[in-house]
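So the structure is just underneath, and the comments pick up after that.
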Number of protein chains: 2
Amino acid sequence: MKNEDEPKDKRVKAADAQKLTMAEVAKYVGVSAMTVSRAFRQDASVSEETRKRIMEAVDALGYVLDLSAGSLSSRRSGFIAALVPSINNSNFSDTARGITDALENTGLQLLLGYTDYSAEKEERLIEAMLRRRPEGIILTGGSHTDRARRMLDKAGIPVVETWEIPEEPINHVVGFSNSEAMSLLVRALANQGYRRFGYIGGTTARDTRGSQRRSGFLKTVEELGLGPGRVISFGVPPITMEQGGQAVVSLLERWPDTEVVLCVSDLSAFGAIMECKRRGMNVPGDIAIAGFGDYEISSICHPSITTINVDCYGIGRQAAVRLLDAVHGGGSTGDEITLTGYRVVLRESTNRGGA
Amino acid sequence: MKNEDEPKDKRVKAADAQKLTMAEVAKYVGVSAMTVSRAFRQDASVSEETRKRIMEAVDALGYVLDLSAGSLSSRRSGFIAALVPSINNSNFSDTARGITDALENTGLQLLLGYTDYSAEKEERLIEAMLRRRPEGIILTGGSHTDRARRMLDKAGIPVVETWEIPEEPINHVVGFSNSEAMSLLVRALANQGYRRFGYIGGTTARDTRGSQRRSGFLKTVEELGLGPGRVISFGVPPITMEQGGQAVVSLLERWPDTEVVLCVSDLSAFGAIMECKRRGMNVPGDIAIAGFGDYEISSICHPSITTINVDCYGIGRQAAVRLLDAVHGGGSTGDEITLTGYRVVLRESTNRGGA
DNA sequence: TTCCAAATTGTTATCGATACCATTCTGTCC
DNA sequence: GGACAGAATGGTATCGATAACAATTTGGAA
């Protein structure tokens, strides 16, 4: 049995307060709603004194601007949408952070979605996002369903594709060639004297960047006259640390004399290295292993991991900057491809003749 | 010189199409706008035949529902806000994933923000979020500015605090006691025979969960009669892998006979272990090290890391479920504290007499 | 056949801010 | 003193959907 004089649910009172509208603030101050509206925008012409009185009233009453109402009449939602494959992957969350940071103080809100590496889920997300009328949208990769492309086209908003160079860009692109980046790594290691190259990646083409890295690997090994590359496909992308460990076992069973193994990402490379150590093998003494992405872990772990450093944060930041240009400046410069940097980072895990 | 019959900028045409409104779809089909509106909701009463015709028209015209207009009249924004300290931390991105998954097919959109472990940034984000009139909000931790509390109170929406048990909960809570969890780990290791305990954490109280872990550590070491704990504070939270490595060096310089080091998170523990190995020390032979959070890395790395497993995904999922209950069901059950599980995971890094 | 309940569709007002244009006020210059 | 530019403020229509209620149709039951 509840006590009778127990206080009533606090939210009842609160719910009333919630109804507070701009007109009521205006009445309280003794101005028109329009003036209150102007007081909230820094560029509008309101006398300093009036603005001060309004803001005091806003504080006193606890009024909070309602953007959904505003965006309807101003026809500007104040949203930017961004889709990434996964938020659990630190490369992509760095990109998301870059976007968020670039959006700070622009008055734009980020609507973030993750596609789980699926073009179908991407399509559904794009539709869900467009229902909020974003002023621009940032996508990962260039592989989209036909319907997704049609929706984006119809939406008439700037689109930025990131993390790779699509064959048929929709609009703007901020990224790099995953194939060439992997190629660069192969050449760097070949320069060190490695000859028998293995590769570990996922089983399907879901992860288009992963596929591009593999094809860059295969092409370059071929070009260097180092025979066909030894490829192990293991697990649905994105492959985990654990799967990296399992894959390297398969690879070494099949081609025991492999000298160096390149992995689709640092995570699988790390798993591979740890599995080798667990089995008593020496990295890089018995086998050299390299990754891709330069995750934090790769510079810290022992042995530290040779990899390709990608400017994940910069991809996000530049994508957002491009988008802002297009949204505000009217995109006068037209569609463009912005190449972002990458570089080979040689570390202990591929030290030739290393400990 | 551009070719004259080059197609004009596609976006011009697209921008026109964008203006498409529900009324135009209605006219095209020969029904009222209201009927089109009903066709978009699955519970509304529209004949199957009419809905089919409408949806065909929607497809043909490429109409996309405008939720911002709808939310104004229905007074339901369709948003849920969630604030996490960082999206680069896989623990919190797991929580974000749990929230997103629980929201799937509810028609609710997640507005995600990251506070960077700052109560001031949290306050600004809460205000920004409230301007979108979310139907509920999920926060991390129980430490908020006064103004933030006031705004939340006024907003009159359900609030769920996660990841810890606040002393003064606002509303609902989904979390666990970080202090008790750390205490459990200390006891488990004391049971194994360890006596001289060290601790590595950040320098400030910004990370309240980190502070709670430290106090749980200190209290328990004291209770067990194992003298004052040896604490190294290093770096602004969240401390990185690298800082974990630096901290363990400090700790061992100051107290060389330390037997086991507990770290505020697996990331710093990993950094500490790698630094020890780099310096030729054996883990756990020379020094045992444990973390907190059970990140993927901890089960994979060598030696694998003893830690506290936390149900990060479940925290997000349950927080969202609680919130949905409160939003839809009217929160009839009142405010509640939902405790989520955690458990000690003993691994190689604290093997007594280990290799 | 008559009548009523349920299913289906239509009409109108409205959500809360902002765009657009009109109006008032202030100060300055000739 | 008059005129006028520019700043400050107000009034009204409007953004595009949905709530609320009204009207119409349909299918049986009486």
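Within every chain, numbering begins at 1; the chains are lettered A, B, ... in the order of the sequence lines, protein sequences first and strands thereafter.
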*Report yes if a side-chain nitrogen or oxygen of A:Y63 is closer than 4.0 Å to either non-bridging phosphate oxygen (OP1 or OP2) of C:dA17; otherwise report no.*
yes
*Return the value, rounded to whole Å, for the distance between atom CZ of B:R51 and atom P of C:dA7.*
14 Å
*asked:* Considering every strand and a 4.0 Å limit on heavy-atom distances, what is the contact class for A:V36: base, sugar-phosphate, or nothing?
replied: nothing
*Has A:S32 got a side-chain N or O lying under 4.0 Å from the OP1 or OP2 atom of D:dG10?*
yes
*Working to the nearest 0.5 Å, report the span between CZ of A:R97 and CG of A:L110.*
13.5 Å
*asked:* Nearest whole Å is fine: how far is D:dT14 P from B:L72 CG?
replied: 17 Å
*Nucleotide nearest B:T50 when distance is taken to its side chain, options D:dG10, C:dA17, C:dT9*: C:dT9
*So does A:R75 get a side-chain nitrogen or oxygen closer than 4.0 Å to the phosphate oxygens (OP1/OP2) of D:dG16?*
yes
*Pick base, sugar-phosphate or nothing for A:T35, based on heavy-atom distances below 4.0 Å to the nucleic acid.*
sugar-phosphate
*Any pair with a residue in residues 92-143 of chain B that passes ring pair (Phe, Tyr, Trp, His ring centres under 6.0 Å), sequence neighbours left out, goes on the list, sorted by first then second residue, please.*
B:F92-B:W163
_Nearest-angstrom distance from the residue atom CD of A:E48 to P of D:dA8_ = 9 Å
_Nearest-Å distance for atom pair CG/P, residues B:L65 and D:dG16_ = 13 Å
*Gap between atoms CD and C1', on B:E24 and D:dA17 respectively (whole Å)*: 13 Å
_Mind checking if A:S68 touches a base, just sugar-phosphate, or nothing, with heavy atoms under 4.0 Å?_
nothing
_Return whichever of B:A69 or B:G30 has its heavy-atom-nearest nucleotide of DNA chain C closer to the 5' end._
B:G30
*Report the distance from atom CD1 of B:I54 to atom P of D:dA17, rounded to the nearest whole Å.*
13 Å
*CE of A:M34 versus P of C:dT24: gap in Å, rounded?*
18 Å
*Using a heavy-atom cut-off of under 4.0 Å over every strand shown, decide if B:S47 touches base, sugar-phosphate, or nothing.*
sugar-phosphate
*Salt bridge or not for B:E48 and B:K52, using N-O below 4.0 Å?*
no
_So A:F40, base contact, sugar-phosphate only, or nothing? Heavy-atom distance under 4.0 Å._
nothing
*Looking at C:dA17, D:dT9, D:dG16, which one has an atom nearest to any side-chain atom of B:D66?*
D:dG16
*Atom-to-atom span, CD of A:E49 to P of C:dC25 - whole angstrom*: 16 Å
*asked:* For a quick check, tell me whether the side chain of B:R38 and the base of C:dG10 share a donor-acceptor pair closer than 3.5 Å.
replied: yes
*Find the distance between CG (A:L67) and OG (B:S68) and round it off to the nearest 0.5 Å.*
11.5 Å
_Evaluate B:R147 against B:E127 for salt bridge (charged side-chain N to carboxylate O under 4.0 Å, His left out), listing each step before the verdict._
CA-CA 10 Å; B:R147 199 167 88 88; B:E127 181 165 21; 2.8 Å; yes
